[in-house]
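Step one of this worksheet: look at the structure below.
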Amino acid sequence: MKTEVRMMKPVAMALSLMLLASNAGAGERESLEQLRSTTVGLIEALVQEGILSKEKANELIRKAEAAKQAPAESNAQPAVAGVADATAQDGSVVRVQYVPEFVKQQLRADIEKDVMAKLNYHVESERLALPSWLDRISFEGDVRLRYEPDRFSARNLPEFQYGLNTGRQAMIANSTDDQNRYRVRARFGINAKLSDTFTAGIRMTTGHMDNPLSPNQSIEIRQAKLDWGLDRVFVTAKPYSWLTATAGRFANPFFSTDMVWDRSLAFDGAAVTFTPKLNDSVTGFGTIGAFPIDQVHKNSFNKAKDKWFMGAQAGLEWISPNKSSVKAGLALYDFKEVQGIRNNQDGVDTRYNASVMPWRQKGNNTFDVLQNGDASCGLVDLANGGQGYSGSGCGLASKFKVLNLTGQVDLATFDPVHVILQGDYARNIAFDRQEIYNRTGRLYDKETDAYQVKLTVGMPDVANRHDWQVFGAYKRIEADAVMDSFNDSDFNLGGTNAKGTILGGSYGLDKNTSFTARWYSTREVSGLPLSIDVFLFDLTARF
């Protein structure tokens, strides 16, 4: 019955429009004739769709034509139109029939919603045979071109000597020779609204398949094709406005900065986020999740355990009437089985080789799990008789349980220009010097604190032409404050045990097209000298 009522609604509107045209005065005749012509076309479309029979359609048209030719009585009221009286110059009363504006708008909206959208017609009444699922699909993507000059200080040592550094072997490919890199990043994603509760998405990106952080790839004719992989695949459920659950491979669900998590890192696992609204100005937020890092294939020759971490965060956000805001969150990231375990001292035991992190940058204190826990950590003989550093046996000396406090103040007093101050502090509370000595046979200094402050002035998002933004930051990360596997890959070319400044700015060249320049100037916090200046010049186009 409901379907029949919906089908008859456009028929009733069509008849009303034709009667309206037949009862209109001369002043409205021309515009209503256009409505009448459209209505006739609409009735014919309803016939083609099988909603209205040909006989009923002809009867409607005949009645409307008969009403049009019949003389209107002096006291008759139009079915849809309104009536107004006016006095002419000779004193006689002139009755003017009209259509109120709200009636026109309502008729137009009802026709568009209940007929045109339902039947999927062009304005020329041509049927569009498009599947309905297209309305639930959205696309996103961007292309970024980068010029990256890397400059190394004359105080740096040759790169292999960092691999020999007792207790802090660093995997550094270059530490003395300046270089210019030309790089590209491309991303393309598809998101689907499955229902009012569930959504799903995938995203492809460039980047080397063994690097979980950087989606950049150097471009050169010699490299005929760029790598292209799947870095997002997820399903999200939002049963309530304050509850969101996501599983798969997805974006960082925590309120954080790149001091702990690189901006391009994908999180594998599951997370649940709560955003209860406490009052008109204050909203709470909380996130819990579990994320596998490395699933070890166990057998009689491999006794290392799976690496993973659990994360939990809680915080508050206050938003003022002028859209200024204050946001703060406290998080705990508890990493499981990421520390190295040395093999038995018989020279042939390899059962704990897989306790080594599968991906690292540099900075965390390490020891050699392959060769009886000594300081060489992957020291190998080269063909020319010398020695070099492989890095393959470097297990992390410390366990990691990172307590992270993040805050942001966004002043929108001069909107659209904002003044944004960010602060971030992290400490590895799992560092235990005695436990490390018992497991590795080595003593390490406690270097477990990290902090960052950043000031940004300009538009929060450079999305339109002439939008702009400038920013400056200072960052200091001690060796074992955070996991060097996951933090910013641009600052000091990745890793921990670094401090320095960041300066930069962005400018909108056009809608969805911007240019960004950044300068990172860093040096070591402790240990062997390592100073690096990194310049990034990015042209980004979003779609």
Side-chain angles (χ1 to χ4, degrees), residues 138-147 185-189 191 201 203 215 238 241-242 244 251-259 261-264 273 275-285 287 315-329 405-424 452-475 488 490-491 501-520 535-543:
S138 62
F139 302 93
E140 62 179 5
D142 61 73
V143 173
R144 185 178 71 192
L145 307 179
R146 168 174 289 180
Y147 170 55
R185 181 193 73 184
R187 300 184 297 189
F188 180 73
N191 298 301
R203 190 179 76 177
K238 195 176 179 67
S241 60
W242 51 268
T244 303
N252 182 357
F254 299 103
F255 172 53
S256 60
T257 73
D258 57 14
M259 188 182 75
W261 306 112
D262 186 273
R263 290 179 294 271
S264 298
T273 298
T275 55
K277 193 171 182 62
L278 305 182
N279 55 48
D280 291 341
S281 301
V282 180
T283 300
F285 65 90
T287 299
L316 294 172
E317 182 177 21
W318 171 79
I319 301 177
S320 71
N322 73 342
K323 303 305 180 183
S324 294
S325 65
V326 178
K327 187 174 184 180
L405 176 63
T406 306
Q408 176 178 290
V409 178
D410 183 350
L411 299 178
T413 307
F414 310 102
D415 190 64
V417 175
H418 287 225
V419 178
I420 304 172
L421 178 64
Q422 289 180 318
D424 203 9
Q452 173 180 246
V453 289
K454 181 179 181 180
L455 178 65
T456 302
V457 179
M459 286 68 174
D461 182 29
V462 179
N464 300 302
R465 189 176 186 181
H466 301 315
D467 283 357
W468 61 274
Q469 180 186 100
V470 293
F471 50 84
Y474 180 82
K475 186 186 299 187
D488 187 7
D490 294 323
F491 185 79
T501 57
I502 306 169
L503 297 174
S506 299
Y507 182 75
L509 303 177
D510 209 333
K511 184 177 182 180
N512 297 323
T513 304
S514 62
F515 176 78
T516 301
R518 279 173 288 175
W519 171 42
Y520 299 83
F535 299 87
L536 302 179
F537 302 97
D538 296 337
L539 177 64
T540 304
R542 296 182 290 185
F543 54 90

Exercise for the section: Run the numbers on Ser506 and Ser514 for side chain to side chain donor-acceptor pair (under 3.5 Å), then give the verdict. Expected result: CA-CA 7 Å; Ser506 299; Ser514 62; 5.9 Å; no
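- Scanning all heavy atoms of the two residues, the minimum distance from Thr456 to Phe471 falls at OG1-CB, 3.7 Å.
- Taking the charged nitrogens against the carboxylate oxygens, Asp490 and Arg263 do have a contact shorter than 4.0 Å, which makes a salt bridge.
- Counted by atom type alone, Gln452 and Thr257 present one or more donor-acceptor pairs between their side chains at under 3.5 Å.
- Side-chain atoms of Asp415 do not come within 3.5 Å of backbone N or O of Val417 as any donor-acceptor pair.
- Salt-bridge annotation for Lys454 and Asp424: absent, with no side-chain N of the basic residue lying under 4.0 Å from a carboxylate O of the acidic one.
- Under the 30°/60° scheme for interplanar angles, the aromatic rings of Phe491 and Tyr520 are found to stand perpendicular.
- Taking the side chain as every heavy atom from C-beta outward, Thr540 and Leu145 never approach each other to under 4.5 Å.
- Salt-bridge annotation for Asp538 and Arg146: present, with a side-chain N of the basic residue lying under 4.0 Å from a carboxylate O of the acidic one.
- Ser256 approaches Asn252 most closely through the heavy-atom pair OG-ND2, 3.0 Å.
- Atom CG of Asp510 sits in a crowded spot, with more than 12 heavy atoms from other residues, nucleotides or ligands closer than 6.0 Å.
- Residues Thr273 and Thr244 have side chains that never bring a donor and an acceptor to within less than 3.5 angstrom of each other.
- A salt bridge is absent between Asp410 and Lys323: the closest approach of a Lys/Arg side-chain nitrogen to an acidic carboxylate oxygen does not fall below 4.0 angstrom.
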Practice task
Show the numbers, then the answer: is there a side-chain contact (heavy atoms from CB on, under 4.5 Å) between Lys327 and Trp318?
Solution key: CA-CA 6 Å; Lys327 187 174 184 180; Trp318 171 79; over 6 Å; no
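- The backbone N or O of Ser281 lies less than 3.5 Å from a partner atom in the side chain of Asn279, making a donor-acceptor pair.
- Closest non-hydrogen pair, Thr513 versus Leu539, comes out as CG2-CD1, 4.2 Å.
- Between Phe285 and Phe255, the angle of the ring planes goes over 60°, which puts this pair in the perpendicular group of the 30/60° scheme.
- By the 6.0 Å contact criterion, CZ on Phe414 is open, its count of non-hydrogen atoms from other residues, nucleotides or ligands being 12 or less.
- Taking every heavy atom of both residues into account, Arg465 and Leu509 meet most closely at CG-O, 3.5 Å.
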Practice task
Evaluate the side-chain contact (heavy atoms from CB on, under 4.5 Å) criterion for residues Phe188 and Phe543: first the C-alpha distance (whole Å), next the side-chain angles of each, then the deciding distance (0.1 Å), finally the verdict.
Solution key: CA-CA 9 Å; Phe188 180 73; Phe543 54 90; 3.8 Å; yes
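- What you find for Asp262 and Asp488 is that their closest heavy atoms are OD2-CA, 3.5 Å.
- Residues Ser325 and Ile319 approach most closely at CB-CG1, 4.1 Å, considering heavy atoms.
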